[in-house]
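Here is the structure we will look at.
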Amino acid sequence: MQSTTDLNLRSFVQYDEKSHFPIQNLPLGVFEEQGKKRVGVRIGDMVLDLALLERRGFFPSLPELFNTSTLNSFLAVGRPVWTEVRATVSRLLRDDEAELRDNIELRDKALIPVENITMHMPVAIGDYTDFYSSREHATNVGTMFRGKEDALMPNWLHLPVAYHGRSSSVVLSGTPIRRPKGQVQIGSQENPVFTASRYLDFELEMGFFIGPGSELGYPIPVNSASDHIFGMVLVNDWSARDIQKWEYQPLGPFNAKNFATSISPWVVPLDALEPFHCKGPEQSPRPLPYLQAGGDMAYDIKLEVYLQNSLISQSNFKFMYWNILQQLAHHTITGCNVNPGDMMASGTISAPEETGYGSLLELTWKGTKSLVLESGEQRKFLQDDDTVTFTGWCQGQGYRVGFGEVTGKIIPALE
Ligand code: MN
């Protein structure tokens, strides 16, 4: 059988070489058409309706997985089924396979133009954890708040630092983001004031979804962690820096992060990212044995940040110091269990160069300098009505495996 990531695969569905959704990608999402939500696969500017294919008997050996409003059942069944579904979909969409290509009746029903659908949250997220795994980001933030000498905390090179986040406020790309209010300390005043955040920021991140869960009391070994990870999305971990600065010690962020986190709608399978594995940063000191993952476990994913249509940052997922297998192994090492549909985010992904920093906090160095947008306007932090959009893709030879985008517009704080 031909690999589903072969660069020579072609689909009878047309798209150009900059499309994020060629036949080598096949991401899954939840879409609504004519008032009904179900699971689909994106190909070019079309969505393949998996619920319809399921009804027509294309997945005879599987339980019902796609006539539903979340990917959770599909996530729970695990890699053998993911691989089988991917192989079937890849075959059906090939230009040299007649079964779907020449069945006009089925094609017209099963392939729906994206302009005729609405996307929904792909997953009912149980738990959400946010890591802090970019050495560049941690060093920048540490330098700003503690000075160059103590930029990285002593634990940072030994474990992937994280906090337990809030899944209730994870929203789909396009959802407006309300400016939060909270306690902030202004200048050198001793007492805080209650105000709308004045230092609203984004964080350029990616997240992965847990497939089959684990049992309470049993860690997931680093070398089998990939069996528990289905795929990835773009994540914007919106952050209120003034609230964060006042509240974060000693337990980390709370109100500064819990008001909204945005994700992109299409979940790109790890299977589609296989050709884009690459070496991650050298890990020194050598991690403890439970964190030692063999092989090139980083991914070469180009990332871009746009503020009001101005490109303000270019980074790459390959800069992550701790990889996703190490993150999951560390998360569960205590016996903490995970469930299908849990989301783990990477933490802000900053490049070594300042043109690739993953937050305004870093790009404007705590607001000590301004970004100049294409319109000539300047920004230190986000203003009301600002729109922030991330995009990301792996560049193949003549094709892209992409994540689409995650976007959000800031709306004013409540009165
Ligand atoms: Mn974050």
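As the structure lists them, so they are numbered: ligands from 1, and atoms in each ligand from 1. Just so you know, these numbers come straight off a predicted model, no measurement behind them. Hydrogens, waters and symmetry mates play no part in the numbers below; they use all other heavy atoms, side chains included.
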Of all the N, O or S atoms in [X], which has the shortest distance to the Mn ion (ligand 1)?
{"X": "Glu205", "value": "OE2"}
{"X": "Asp130", "value": "OD2"}
{"X": "Asp237", "value": "OD2"}
{"X": "Glu203", "value": "OE1"}

Test the Lys302-Phe317 pair against the cation-pi criterion, namely NZ or CZ under 6.0 angstrom from the six-membered ring centroid and within 45° of the ring axis.
->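 Geometry flag: not set, cation outside 6.0 Å or 45°.
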Just checking [X] against [Y], ring centres under 6.0 Å apart?
{"X": "His120", "Y": "Phe31", "value": "no"}
{"X": "Phe403", "Y": "His20", "value": "no"}
{"X": "Tyr199", "Y": "Phe381", "value": "yes"}

